[in-house]
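Quick note on labels: first sequence line is chain A, next is B, and so on, each numbered from 1.
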There are 2 protein chains.
Amino acid sequence: MTDKAPGHPRVAVRRPQRADARRNFDALLQAAREAFAEHGTDASLEDIARRAGVGIGTLYRNFPTRQDLFDSVYVGEVEELCRAADELAGLPPWEALVAWLRRFVGYIGTKRALYESLNRDSDMIRSCREAMYAAGEPLLARAQETGYARSDIGFDDLLRMIAGITGTGYADDAQRERVLGVALDGLRARPSGG
Amino acid sequence: MTDKAPGHPRVAVRRPQRADARRNFDALLQAAREAFAEHGTDASLEDIARRAGVGIGTLYRNFPTRQDLFDSVYVGEVEELCRAADELAGLPPWEALVAWLRRFVGYIGTKRALYESLNRDSDMIRSCREAMYAAGEPLLARAQETGYARSDIGFDDLLRMIAGITGTGYADDAQRERVLGVALDGLRARPSGG
DNA sequence: GTTGAAGTGGAGGCACCCCTCCGCTAATGT
DNA sequence: ACATTAGCGGAGGGGTGCCTCCACTTCAAC
């Protein structure tokens, strides 16, 4: 209900007033971030409460549904991504795009929940996706206009490609990097007809 | 313990003797194939038994552990992939490689269990992976030697890239195809230094 | 047919998870 | 210091899944 800054969607959940309660709230968010990272959207809520060192009841008071909790985590990640897009605006087109994609990877590399959510649908996830796209899309557009990236691919395509590639497990970081490099070369290539 | 044909690994599980029991065995395999496809490795065994129209006890007699069941499904898929590699040997290098990768995608597109298993480790999964690599690797090698594919990427890299890209959800098949095309262009591109 | 062995299926014990409810604890304002 | 009340946490009911066990069924060999 608060006014919302463009590109920074808000969630219905409210941080509590009392100091101890705020500590718990934050601990829950942090624990949830980790748990969703490790186990995806299906992470056990009781486990999250345990990690946060609070009772299950406290989790449910702060986040009445699993969706509320997930949304709260998600919105934080997305806000960081939006901020990153601003910061990188100064770099040359291709470098800016790649740098932003790497931040994106920085999330989903460890946090497959975010990547699962590319498909899921809820009022607020949609709004988050829009914010994220609004932040990142111009970077792709600029790289395309200046001829650094092929033009027959959309931002959504690109994000899914990157999400897919980096969401998988790899033998080591070097391999992940190699594969990502190949895909980025594909993004740079002239479209091929055969 | 039986002799194993090269490229066609075997499983410890044995198909039962009696006709009715064989029907159940086959129904279980089929149900498991579907269930693993939909829910990944964590599919409910009780659900698989239900789908197959048999009691849970029957499932456990045929496949004492979840791993046994999964292995049995997996080995079937891999054998098909190995066969495909033989069939495609006649095509030109690049076409053969791409065609085989498409078959590979044909699996993991619907069956994410196979793709999860690229990482997992067990005696027999390892042996399956070896068989699959033995079948597919020559296709990449040939494309590389003839200059159709870049040489700074390994077969394992390629498979993981493809698995990652196609394991994700897409808005529609056209998008999946577009993204796959970009990645394949990357595979064809000269390595880039910047 | 008869009969023995192969095969069946589901009840039941255990573990985990979801979510609600409410008696208790302790932070805060005065 | 004390009262007020926000906040706590975990017991408990319901659900699902894992796996074992064994009384029963049915195939197939004779």
**OP:** List for me each residue that meets side-chain contact (heavy atoms from CB on, under 4.5 Å) alongside B:Tyr60, sequence neighbours excluded, and say none if there are none.
**Re:** B:Leu45, B:Ile56
Subject >> Results of side-chain contact (heavy atoms from CB on, under 4.5 Å) for A:Ala149 - residues two or more places apart only >> reply: A:Trp94, A:Leu140, A:Ala143, A:Gln144, A:Leu187
Going by salt bridge (charged side-chain N to carboxylate O under 4.0 Å, His left out), name the residues that satisfy it together with [X], two or more places apart in sequence or in a different chain.
| X | value |
| --- | --- |
| B:Asp157 | A:Arg178 |
| A:Glu87 | A:Arg103 |
| B:Arg66 | none |
| B:Arg61 | none |

**OP:** Fit a plane to each ring of B:Tyr133 and B:Phe155, take the angle between them on a 0 to 90° scale, and name the class: parallel (under 30°), tilted (30 to 60°) or perpendicular (over 60°).
**Re:** perpendicular
**OP:** On DNA chain D, reading 5' to 3', which nucleotide is the first and which the last to sit with an atom under 4.0 Å from a heavy atom of chain B, could you check?
**Re:** D:dG17 to D:dA28
Original post:
Any ring pair (Phe, Tyr, Trp, His ring centres under 6.0 Å) pairs touching residues 173-192 of chain B, not counting sequence neighbours?
Top reply: none
**OP:** Can you tell me the distance, in whole Å, between the CG atom of B:Leu28 and the P atom of C:dG7?
**Re:** 13 Å
**OP:** Grab the CZ-P distance between B:Arg15 and C:dA6 for me, whole Å please.
**Re:** 18 Å
Subject >> nucleotides 17-30 of chain C: protein proximity per nucleotide (B base, S sugar-phosphate only, - neither; heavy atom, under 4.0 Å) >> reply: BBBB------SS--
**OP:** Could you pull out all residues at least two apart from A:Tyr148 that satisfy ring-ring contact (aromatic ring centres under 6.0 Å, His included)?
**Re:** none
**OP:** Mind grabbing the angle between the end helix axes of the helix from C:dG1-D:dC30 to C:dT30-D:dA1? Five pairs an end, 10° rounding.
**Re:** 20°
Original post:
side chain to side chain donor-acceptor pair (under 3.5 Å): which pairs involve residues 46-58 of chain A, sequence neighbours left out?
Top reply: A:Glu38-A:Arg51, A:Asp47-A:Arg51
